[in-house]
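Structure first, commentary second.
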Amino acid sequence: MIDRSRKGTVAPTATFRGPDDAPVTLASFRGRPLLVNLWATWCAPCVAEMPTLDALAAKSGETMTVIAVAQDLKGAEVVDPWFQKAGLKALQPYIDPENGLLDAANSALPTSVYYDAEGREIWRVIGAIDWQGKEAAALLAEGVS
C-alpha cells in the first residue's frame, strides 16, 4: 500500500545504531534522497524483499541513499549473523532495538519511507515491494528533482 498522507512531514529524530555501532539519526543522511526500510529478521515479507532492496542500494550510487534499519529487539545479536548469511552486497546492518523509528512511523513491518534531500517525507510503502520492479521505479522517480 502506498501512503502519501504524511507528505512533507520532517523525518523523525529517533536515534538508532549504524554498522559501526555508533548512534545515528535520519538527519545524518540529508543532502540527497533517502529510502529507509524498516524490517526485522523474523518478518517473512521483510526478508523476501531484501535482495531487491540490496540491488537498489547497489545501483543507487550518488543519486540516493538506501538503508535498512532492523527493528529486532535483540539488535546486533541477531541482525549481524543474518546479514552474514544473507550475502547482501550493498546494504549495511543498521539496528533500532528500541523500535524508535517504527514507533515514529506508527506502522507495521515492512515499511519503507522515502525522504527528499531535506529530510521531508515523500511517501511510504507499507508491506513488501519488488524494488527492481516498475512500480518502485515510478515511486522513486518522485523524489528526483
Side-chain angles (χ1 to χ4, degrees), residues 1-21 23-30 32-61 63-117 119-144:
M1 177 180 89
I2 311 302
D3 179 1
R4 290 182 170 83
S5 66
R6 298 181 184 151
K7 186 173 182 168
T9 305
V10 175
T13 58
T15 301
F16 53 102
R17 297 270 175 199
D20 57 359
D21 199 38
V24 65
T25 66
L26 295 179
S28 307
F29 298 95
R30 287 199 179 132
R32 63 179 165 175
L34 171 68
L35 179 65
V36 179
N37 177 267
L38 304 177
W39 72 289
T41 60
W42 50 262
C43 166
C46 302
V47 170
E49 78 176 339
M50 289 302 263
T52 66
L53 187 68
D54 187 55
L56 176 66
K59 74 178 188 182
S60 64
T63 59
M64 79 171 160
T65 302
V66 178
I67 62 170
V69 186
Q71 303 297 296
D72 289 85
L73 299 178
K74 291 186 178 181
E77 177 185 334
V78 294
V79 175
D80 288 350
W82 186 92
F83 258 83
Q84 291 171 357
K85 185 179 175 189
L88 302 176
K89 305 278 189 262
L91 291 173
Q92 298 294 312
Y94 287 86
I95 58 170
D96 181 18
E98 285 82 37
N99 291 165
L101 291 176
L102 186 61
D103 289 347
N106 193 24
S107 192
L109 293 177
T111 293
S112 297
V113 185
Y114 194 41
Y115 297 98
D116 66 16
R120 292 182 308 264
E121 184 169 328
I122 299 171
W123 48 255
R124 62 181 57 198
V125 174
I126 302 163
I129 186 173
D130 175 2
W131 291 106
Q132 298 302 298
K134 290 180 182 176
E135 181 183 23
L139 286 168
L140 292 166
E142 292 179 30
V144 178

Residues two or more places apart in sequence or in another chain: which of them pass side-chain hydrogen bond (donor to acceptor under 3.5 Å, both in side chains) with [X]?
| X | answer |
| --- | --- |
| Asp80 | none |
| Asp72 | Thr41 |
| Lys7 | none |
| Trp39 | none |

Mind checking what makes side chain to side chain contact (heavy atoms under 4.5 Å, CB included) contact with [X], not counting sequence neighbours?
| X | value |
| --- | --- |
| Ala104 | Pro12 |
| Ala27 | Thr25, Arg30 |
| Ala108 | none |
| Ala14 | Leu101 |

Specify the closest pair of heavy atoms between [X] and [Y], including all atoms of both residues, with the distance to one decimal.
| X | Y | answer |
| --- | --- | --- |
| Leu34 | Ile67 | CD1-CG1, 4.1 Å |
| Leu109 | Ala40 | CD1-CB, 3.7 Å |
| Val24 | Ser28 | CG2-OG, 3.4 Å |
| Ala57 | Ser60 | O-OG, 3.0 Å |

* Asked: Side chains of Trp82 and Leu88: does their closest heavy-atom pair fall under 4.5 Å?
  -> yes
* Asked: With a 4.5 Å limit on heavy-atom distance, are the side chains of Phe83 and Leu91 in contact?
  -> yes
Report the distance from atom [atom1] of [X] to atom [atom2] of [Y], rounding to the nearest 0.5 Å.
| X | Y | atom1 | atom2 | answer |
| --- | --- | --- | --- | --- |
| Asp3 | Trp123 | CG | CH2 | 11.5 Å |
| Ile2 | Leu139 | CD1 | CG | 4.5 Å |
| Leu102 | Phe16 | CG | CZ | 13.0 Å |

* Is Arg6 reaching over with its side chain to a backbone N or O of Ala105, donor-acceptor style, under 3.5 angstrom? -> yes
* To do: Would you check, one step at a time, whether the test side chain to side chain contact (heavy atoms under 4.5 Å, CB included) holds for Leu56 with Leu140?
  => CA-CA 10 Å; Leu56 176 66; Leu140 292 166; 3.8 Å; yes
* By salt bridge (charged side-chain N to carboxylate O under 4.0 Å, His left out) - contacts of Arg32 (at least two apart) -> Glu62
* Taking only residues at least two apart or on different chains, which pairs with a member in residues 90-108 satisfy side-chain hydrogen bond (donor to acceptor under 3.5 Å, both in side chains)? ->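 Pairs touching residues 90-108 that pass the test: Gln71-Asp96, Gln71-Asn99, Ser107-Thr111.
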* Asked: Any salt bridge (Lys or Arg N to Asp or Glu O under 4.0 Å) pairs touching residues 123-137, not counting sequence neighbours?
  -> Glu121-Arg124
Please tabulate, for the side chains in residues 45-52, all donor-acceptor contacts under 3.5 angstrom to protein atoms that are two or more places apart in sequence or on a different chain.
{"unit_1": "Glu49", "atom_1": "OE1", "unit_2": "Ile129", "atom_2": "N", "d": "3.0"}
{"unit_1": "Glu49", "atom_1": "OE1", "unit_2": "Trp131", "atom_2": "NE1", "d": "3.1"}
{"unit_1": "Glu49", "atom_1": "OE2", "unit_2": "Asn37", "atom_2": "ND2", "d": "2.9"}
{"unit_1": "Thr52", "atom_1": "OG1", "unit_2": "Glu49", "atom_2": "O", "d": "3.0"}
{"unit_1": "Thr52", "atom_1": "OG1", "unit_2": "Trp131", "atom_2": "N", "d": "3.1"}

